[in-house]
Amino acid sequence: MMKGYETMKRIAAVAMVYCFAWTLWATEMDNGRIPTVRLKGVLGERFELTVTNNYLKLDLQDDFFKPFLERTATEGFVGLGKLADAAVHFAWNSKDPKVVARKNDILSFLLKNQLSDGYTGFFAPEARLAKLWDIHEMGFIIQGLMSDWELFGNKSALEAAKRNVDYVIGRWATMPENWETTFITDRETTLGFGYGVARLYAATKDEKYRSFLRNERSLDIWNQPIVIGRDKMAYGQAYGHLGTCLEQLELYRHDPRPRYIETSMRALDFMVKDDGLLIDGTGGIAECWTDDQDGEGCVGETCLVVFQLLFYDELLRLGIGDPALLGDLMERAVYNALFAAQSRDGRRLRYYTPLNGERKFWPNDTYCCPNNFRRAVSRLPEYVFYAFGRHVQANLYTACRVELNVEGMPLVIREETDYPRSGKIVFTVEPEERMMFDFSVRVPRWCRNPTVKINGGKVTYKYRPGEILHLPRVWKKGDVLELDFPMEVRAVLGRKRQSGRFAVMRGPVVYAMDTRKIDAFKNMHPLDVQTEMMMDPTRLAYSDGRIGAFVSTQNWAVGVDDVSVDGKVPENVRKVELVPFEDEDNTLTYFRAPNIKESGCVEDELFGERGASR
């Protein structure tokens, strides 16, 4: 990890390189010209599943509104602010009248229930602000209000956000002594509030809001290192760390000082280069940073993966870091960690999703992780394409219809694919008239032999996996861009605590299995199975969404090149099926091999020296 003078040199270089991109993005955001994406395909299926079977089935009155009407609490967290933020993005990205109506119900409740002094929380008067998690709840209420202003132009929401922020910062100096250090740091106690203030500053340009962030929030000097484990006051809390990075990045949008991105780049380096992320694209243990690759128990917190996506998205919009790497990180996290946090029918959600061991669902619809999950899914259409100036970038691949403007000229792009079930992707470009722009696509790191064609002719530009391929040209209506990213099954070596084992991947998707489906193991704990069972990584075959494999149920008694004896499969050998990691029944992701050093396993292409500083 780079430190001191070397870190500052790199940060300064990044800031200079991307200054022009930042200017374009700021203009793009100010003009509201964000691509409109109508999802289909796998991402569209997940979006609709979550809206229909989860979001629209919530009991708003009893679970979410009732505590705010009573206002008798002295501690606790509901998650109404996070739900409000998700509601706005669900409405914006779906345009479904039922979804828009529910958004209006939630926002109307917040506006009507705000007190005359600006308070929007649900605590009793004597417990307000200083007790957990009052400011945290209000911080996300402010974000929900700001989202309604930014996307729907609701001036009442903007004014309510102002009153709520003024209520908090007007009392900041009168808070009890050491209020923010009685349990955990103020970064987590007030998580969400600073980013809400930063967005309010962006909307109003009122200097008092930026002054609050720079001084009371100390964002000019905040440079928290990665703390492994749960240090006193939870300094290692992972999603709180990224939440404060987001505050600094929002300040950077309006004042591009290198100091505002230094902590973010360090966090990105840690996740990618220093074992901070697991194979499913997320990390942490018991909500805090870890680098030991522990895959059991309280790992894979849903809040963390959601804030990772927000973090990567902000870096992409600001033009900071390697956009191909950020896109690869997003797709790894979405198709594995995020999707695995939801039940097959869409109704139930998780707090944690371990790699190995039984997975459990959160018992109700409130609290942080369920509502952060809804925030992530509500934003999926916004992660698919990025555009500024004459540059249009395909980031996450899914069937969809995209509408955008290229310097004032309308453009439609249709994408057809069943990605990640296959790597074949076809874009049809439909400008109203011929136009010059750079259509760029992400070539995933996992793809060994990518092929790109325009109107049937193979693109001869030099490109390689892990890069953005830029295709600047005059595009006309009906032009077709074809991508073919062959998806080979690969056995990926484990790191640290998973050393000596391997996981199975195809494209961006991790595969796992339910050990309870094997008779010999159905009554054993999955972690005991991991020590008893071996899998042959040289005999993996993909078919119809599943990967077939051979495992032994005792000592490995046959050679890896011949699993049968005299045409018969030995009794201790079974053929099993692995399914995508997201499946709710999975209990095991890492496996032992007969001889891991000669098994043909490969390093994970996403984590290592080709990291954030490429």
Side-chain angles (χ1 to χ4, degrees), residues 32 47 50-73 76-125 128 133-168 192-193 195-197 199-200 202-204 364-368 370-379 381-382:
F47 186 90
T50 304
V51 168
T52 303
N53 286 12
N54 187 282
Y55 172 61
L56 291 179
K57 291 188 176 181
L58 299 178
D59 186 339
L60 296 181
Q61 295 298 327
D62 284 348
D63 289 343
F64 291 93
F65 294 170
K66 186 177 179 181
F68 289 81
L69 292 171
E70 295 174 343
R71 286 196 166 114
T72 58
F77 187 76
V78 174
L80 177 58
K82 293 176 179 176
L83 179 63
D85 185 56
V88 174
H89 286 268
F90 275 134
W92 177 258
N93 288 311
S94 73
K95 301 299 190 293
D96 184 321
K98 296 190 300 295
V99 179
V100 174
R102 171 152 279 212
K103 182 274 292 187
N104 291 338
D105 288 343
I106 295 171
L107 270 293
S108 295
F109 174 81
L110 289 175
L111 295 176
K112 292 177 182 177
N113 204 52
Q114 185 173 32
L115 299 181
S116 59
D117 60 5
Y119 181 75
T120 60
F122 64 97
F123 281 25
R128 289 174 187 169
W133 298 91
D134 195 27
I135 296 179
H136 182 49
E137 181 83 60
M138 284 192 290
F140 286 98
I141 289 175
I142 292 162
Q143 290 196 46
L145 295 168
M146 290 306 303
S147 290
D148 205 33
W149 158 250
E150 292 161 358
L151 295 178
F152 288 92
N154 186 345
K155 292 184 178 179
S156 296
L158 177 63
E159 292 303 316
K162 286 182 188 178
R163 292 194 299 273
N164 198 170
V165 169
D166 290 346
Y167 171 87
V168 177
F193 179 70
Y195 192 52
V197 176
R199 291 168 66 181
L200 183 59
T204 65
N364 51 56
D365 289 322
T366 59
Y367 216 58
C368 55
N371 289 294
N372 264 331
F373 177 88
R374 297 174 186 116
R375 293 177 74 213
V377 175
S378 73
R379 285 170 163 80
E382 299 162 37

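Sequence positions, counted from 1, serve as the residue numbers for this chain.
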State the [atom1]-[atom2] distance between [X] and [Y], to the nearest 0.5 angstrom.
| X | Y | atom1 | atom2 | value |
| --- | --- | --- | --- | --- |
| Y167 | S116 | OH | OG | 10.5 Å |
| S378 | F47 | OG | CZ | 7.0 Å |
| D59 | Q61 | CG | CD | 7.5 Å |
| L111 | N154 | CG | CG | 6.0 Å |

Does either side chain, that of N164 or that of Q114, offer a donor lying less than 3.5 Å from an acceptor on the other one?
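Result is no, nothing qualifies.
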Candidate pair Y55 and V99, rule side-chain contact (heavy atoms from CB on, under 4.5 Å), full reasoning
CA-CA 9 Å; Y55 172 61; V99 179; 4.1 Å; yes
Please report the closest heavy-atom contact between [X] and [Y], naming both atoms and the distance.
| X | Y | value |
| --- | --- | --- |
| A84 | L110 | CB-CD1, 3.7 Å |
| W133 | F123 | N-CZ, 3.5 Å |
| G81 | E137 | N-OE2, 3.3 Å |
| P370 | D365 | CB-O, 3.7 Å |
| K82 | C368 | NZ-CB, 3.3 Å |

With side chains defined as the heavy atoms from C-beta onward, is the minimum distance between [X] and [Y] less than 4.5 Å?
| X | Y | value |
| --- | --- | --- |
| K95 | V100 | no |
| I106 | L60 | yes |
| Y119 | R128 | yes |
| T50 | F90 | yes |
| L80 | T366 | no |
| L58 | R374 | yes |
| R71 | N113 | yes |
| V78 | N371 | no |

Can you list every pair that meets side chain to side chain donor-acceptor pair (under 3.5 Å) and has a residue in residues 101-110, with sequence neighbours left out?
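Pairs touching residues 101-110 that pass the test: K103-D148.
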Might you work through the side-chain contact (heavy atoms from CB on, under 4.5 Å) test for L158 and L200, ending with a clear yes or no?
CA-CA 8 Å; L158 177 63; L200 183 59; 3.7 Å; yes
Those residues that, when tested against R379, pass salt bridge (charged side-chain N to carboxylate O under 4.0 Å, His left out) (two or more places apart)
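In terms of salt bridge (charged side-chain N to carboxylate O under 4.0 Å, His left out), with neighbours along the sequence ignored, R379 is linked to D85.
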Kindly write out the residues that satisfy salt bridge (charged side-chain N to carboxylate O under 4.0 Å, His left out) with D134, not counting sequence neighbours, or none if the list is empty.
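If we apply the salt bridge (charged side-chain N to carboxylate O under 4.0 Å, His left out) test to D134, skipping adjacent residues, there are no hits.
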Test E159 against every option in K162, K155, R163 by the salt bridge (charged side-chain N to carboxylate O under 4.0 Å, His left out) rule and name the one that passes.
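Single pass found, and it is K162.
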Without placing hydrogens or testing angles, list every side-chain donor-acceptor pair under 3.5 Å for residues 62-70, not counting sequence neighbours.
none

Validation: residues 138-145 side-chain donor-acceptor distances under 3.5 Å, sequence neighbours left out:
unit_1, atom_1, unit_2, atom_2, d
Q143, OE1, R199, NH1, 3.3
Q143, OE1, R375, NH2, 3.3
Q143, NE2, G192, O, 3.0

When the ring centroid of F193 is compared with that of H136, is the distance short of 6.0 Å?
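Centroid distance F193-H136: not below 6.0 Å, so no.
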Considering residues at least two apart in sequence or located in another chain, which fulfil the side-chain hydrogen bond (donor to acceptor under 3.5 Å, both in side chains) criterion with S94?
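With sequence neighbours excluded, S94 shows a side-chain hydrogen bond (donor to acceptor under 3.5 Å, both in side chains) to no residue whatsoever.
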